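Read through the structure below, which is laid out as structure tokens, and then see the notes.
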Amino acid sequence: MPLTFAAPSSDSLPLHLVEPDALARLTERLDTAQRAWISASGFKARPGEVLMVPGHDGTHALALVGHGSEQERARVRFALGKARASLPDAVFHLVSDLAGDALDEALLGWLLAGYRFDRYRKMQPPGARLIAPEGADAARLEAIAAGEALTRDLINTPASDMGPDELEAAARKLAVAHGASVETITGDALLAEGLPMIHAVGRASTRAPRLIDLAWGRRGPNLTLVGKGVCFDTGGLDLKPGSSMLLMKKDMGGAATVLGLAKMIMALDLPVRLRVLIPAVENSVSGNAMRPGDILTSRKGLTVEVNNTDAEGRLVLADALALADEGKPDMIVSMATLTGAARVAVGPDLAPFYATRSEDAAQLRAAGRRVADPVWEMPFWAPYEELIEPKIADLDNAPSGGMAGSITAALFLRRFVTDTPRYVHFDIYGWQPKDAPARPKGGVGQGARALLAALPELLAL
Ligand code: BES
Ligand code: MN
Ligand code: ZN
């Protein structure tokens, strides 16, 4: 079901998005009965609060939706999205003082509140529809919402229907829709083509591991996105306990997020040469599974001691990053549900990221704030490099001690990017643990909209 605005010609009711301080000024313009109704209702314009106000004939005349105070909005994103489910089945047009980023946030929240994962169960879409106000870039917002919906669908689809093959099919479908090309390297060909760690992680599954390589665009700077596509993470032989395995269908959240971002970039026809690399594997258990203690030789030639088969993401990403680096793009961005430690550090709402250039980090932070996609910089802390050096090989995939787990994973990845000065890595969660405005419980994109907003500055588009 597409996340779109209503046609401008529709008959519509006014929807006033109002802050607590502006409520009195707004009600002054209404008639006595309506003022009494609003006052009797106790409507306070809290974020997402809804009040339908009747006209003289008793039918709906207008809607009031609380935008909340600045302080309240610091706690709740997407107030208008929150309101959508409480509004009656009708078409509305927005009346507000909002402009720019604040207006975009309200409208995007509205669209995303229409998202449902209905592949396995029919679900009622919200009945309330909105006409985009003049001055808003409705097509852009719809493209962003469509990219986010793709990310959510891919994450929400269980591993039974979203293995490496189906992830490749999703990338191909996206490519066909936007005139991109896709090449893949699958199964034992990974060994012949020099992607041994993708093979090592994925070979125990009956579903062949692969590298998906999507390319699009003929003008502008080169941007390579790399997404962790672990379609299910059992932990391998160092098997995860059941409670930790429960959510591991989302371990392709990085791949889902870069595909969603690619969809936005292509739909908006941004002047970039885009490459998307996805190592797609299932981290499974079998007689031929990689073992703890095995030493792998990576594409780049660096040797890696596998001290925990559950630290598989950095292995598959390392080969994909080495390949990305060989292309010497202007910038490489990786996105991955890489460590539990990142969750402990910042929780599910914030997307922690690392950047080799502090100007890039500052631009990303600012862009994330503008578009309500919060991201937070973490350090590539060089003094911890020694933690990933096991002595018997060049690198250790799972340093003992468990300190600074997200940082050591990021440092590990950075070893594979040596010829591309600008590298950004996101250690995302990709999951909304409980229903929130515009984000139902389930898969969610993180960092993609921040990146999209920052691209014009980052790459001087
Ligand atoms: N996919 C997991 C990380 C993860 C777990 C992300 C839970 C989000 C929620 C990853 O492959 C993993 O298992 N990482 C280990 C690494 C450790 C063995 C060094 C972790 O974080 O515990
Ligand atoms: Mn793992
Ligand atoms: Zn994993």
Side-chain angles (χ1 to χ4, degrees), residues 155-156 159 162-164 167 197-198 200-202 204-205 209 226-257 278-285 289-294 296 304-320 334-353 378 384 387-390 395-413 425-433 441-447:
I155 296 175
N156 286 331
M162 190 50 65
L167 191 53
M197 298 210 293
I198 299 176
V201 170
S205 172
V226 181
K228 173 177 172 181
V230 175
C231 294
F232 195 78
D233 184 8
T234 66
L237 287 176
D238 286 359
L239 201 68
K240 284 183 186 293
S243 57
S244 310
M245 208 188 292
L246 190 59
L247 266 182
M248 283 299 121
K249 70 171 183 182
K250 79 172 175 72
D251 214 17
M252 32 59 75
T257 305
I278 295 172
V281 303
E282 186 174 357
N283 187 20
S284 202
V285 177
M290 70 173 175
R291 294 156 288 256
D294 282 358
L296 308 175
V304 181
E305 185 178 21
V306 180
N307 280 305
N308 193 322
T309 63
D310 198 7
E312 84 297 339
R314 66 198 75 185
L315 301 176
V316 298
L317 287 170
D319 275 354
S334 56
M335 296 195 140
T337 50
L338 200 60
T339 70
R343 258 67 284 144
V344 176
V346 298
D349 258 33
L350 273 174
F353 73 95
M378 302 268 282
Y384 294 161
L387 297 177
I388 57 172
E389 292 163 351
L395 290 168
D396 180 344
N397 81 327
S400 58
M403 304 271 251
S406 177
I407 296 176
T408 52
L411 290 172
F412 183 101
L413 296 182
H425 160 62
F426 280 87
D427 192 342
I428 58 173
Y429 192 52
W431 191 262
Q432 177 62 40
K441 178 181 174 179
V444 71
Q446 291 187 286

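The basis for the numbers below is simple: all heavy atoms, side chains too, and nothing from hydrogens, waters or symmetry mates. All values reported here derive from a predicted model rather than from experimental measurement. For ligands, and for the atoms within them, numbers begin at 1 and follow the listed sequence.
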In Å and rounded to the nearest 0.5 Å, what is the CG to CG distance from L395 to L411?
10.5 Å
Atom 6 (C) of ligand 1: closest protein heavy atom, distance to 0.1 Å, is T337 O, 3.7 Å
Classify the contact between D310 and ligand 1 as side chain, backbone, both or neither, using a heavy-atom distance cut-off of under 4.0 Å.
both
Near the Zn ion (ligand 3) (under 2.8 Å) - protein N, O or S atoms
K228 NZ, D233 OD2, D251 OD2, E312 OE2
Tell me, which protein residue and heavy-atom name are nearest atom 14 (N) of ligand 1, and how many Å apart are they?
L338 O, 3.5 Å
Looking only at distance, does D233 have an N or O less than 3.5 Å from an N or O of ligand 1?
yes
Here the Mn ion (ligand 2) sees protein N, O or S atoms within less than 2.8 Å, and their number is 4
How many angstroms lie between CZ in F353 and NE2 in H425, if you round to the nearest 0.5 Å?
11.5 Å
For P390 against I388, the heavy-atom pair lying closest together
CD-O, 3.4 Å
Supply the atom-to-atom distance L350 CG to I428 CD1, rounded to the nearest 0.5 angstrom.
13.0 Å
Of the side chain and backbone of M252, name the one, both, or neither that has a heavy atom under 4.0 Å from an atom of ligand 1.
neither
Minimum-distance pair of heavy atoms, taken over all atoms of L167 and A255:
CD2-CB, 4.1 Å
Could you grab the distance from atom OG1 of T408 to atom CG of L338, nearest 0.5 Å is fine?
9.0 Å
Numbering the atoms of ligand 1 from 1, which are under 4.0 Å from a heavy atom of E312?
11 (O)
Give the intermediate values and the outcome of side chain to side chain contact (heavy atoms under 4.5 Å, CB included) for residues I155 and V444.
CA-CA 8 Å; I155 296 175; V444 71; over 6 Å; no
For P164 and E282, the nearest pair of non-hydrogen atoms, with its separation, is CG-N, 4.1 Å
One finds that the ligand 1 atoms under 4.0 Å from a non-hydrogen atom of K240 are 2 (C), 12 (C), 13 (O)
Residue G340 vicinity, atoms of ligand 1 by number, heavy atom under 4.0 Å:
3 (C), 4 (C), 20 (C), 21 (O)
Would Y429 count as being in polar contact with ligand 1, using the rule that some N or O on each side must be under 3.5 angstrom apart?
no
Taking D294 for the side chain and R291 for the main chain, is one N or O donor matched with an acceptor at less than 3.5 Å?
yes
Polar side-chain atom of K228 near backbone of G253 as donor-acceptor pair, under 3.5 Å
no
Checking the side chain of K250 only, and the main-chain atoms of Y429 only, is there a donor and an acceptor separated by less than 3.5 Å?
yes
Which ligand 1 atoms, with their elements, are less than 4.0 angstrom from a heavy-atom of R314?
16 (C), 19 (C)
Considering all heavy atoms of both residues, which atom of S284 and which atom of A289 are nearest to each other, and what is their separation?
O-CB, 4.2 Å
I need the E312 CD to L317 CG distance, nearest 0.5 Å.
9.0 Å
Which side-chain N or O atoms in residues 233-240 pair as donor and acceptor under 3.5 Å with protein atoms at least two apart or in another chain?
from	atom 1	to	atom 2	distance (Å)
D233	OD1	G235	N	2.8
D233	OD1	N283	ND2	2.8
T234	OG1	G236	N	2.9
T234	OG1	N283	O	2.7
D238	OD2	T309	N	3.4
K240	NZ	D310	OD1	3.1
K240	NZ	D310	OD2	2.9

Checking contacts here: is it the side chain or the backbone of M245 that comes within 4.0 Å of ligand 1, counting heavy atoms only? Could be both or neither.
neither
I need the nearest protein heavy-atom contact for atom 17 (C) of ligand 1: residue, atom name and distance, please.
A311 CB, 4.3 Å
Heavy-atom distances under 4.0 Å decide this one: backbone, side chain, both or neither, for N283 against ligand 1?
neither
Would you mind listing which atoms of ligand 1 come within a distance below 4.0 Å of any non-hydrogen atom of K250?
8 (C), 9 (C)
Close N or O approach (A398, ligand 1; < 3.5 Å)
no
Looking at M248, which atoms of ligand 1 are within less than 4.0 Å of one of its heavy atoms?
1 (N), 5 (C), 7 (C), 9 (C)
Look up atom CG in N156 and atom CH2 in W431, then write down how far apart they are to the nearest 0.5 Å.
5.5 Å
Sequence neighbours excluded - side chain to side chain donor-acceptor pair (under 3.5 Å) pairs with any residue from residues 395-404
N307-D396
Using the rule side-chain contact (heavy atoms from CB on, under 4.5 Å), only one of M252, M162, M245 pairs with F232; which is it?
M245
Do me a favour and list the nearest non-hydrogen protein atom to atom 18 (C) of ligand 1 with residue, atom name and distance?
N308 ND2, 3.5 Å
Distance under 4.0 Å to a non-hydrogen atom of K228: what atoms of ligand 1 satisfy this?
1 (N), 10 (C), 11 (O)
Check against side chain to side chain contact (heavy atoms under 4.5 Å, CB included), F412 and L315
CA-CA 9 Å; F412 183 101; L315 301 176; 4.2 Å; yes
Nearest-neighbour protein heavy atom for atom 1 (N) of ligand 1, which is reported as residue plus atom name and distance
D251 OD1, 2.8 Å
Indicate yes or no: at least one non-hydrogen side-chain atom of D319 is less than 4.5 angstrom from one of P279.
no
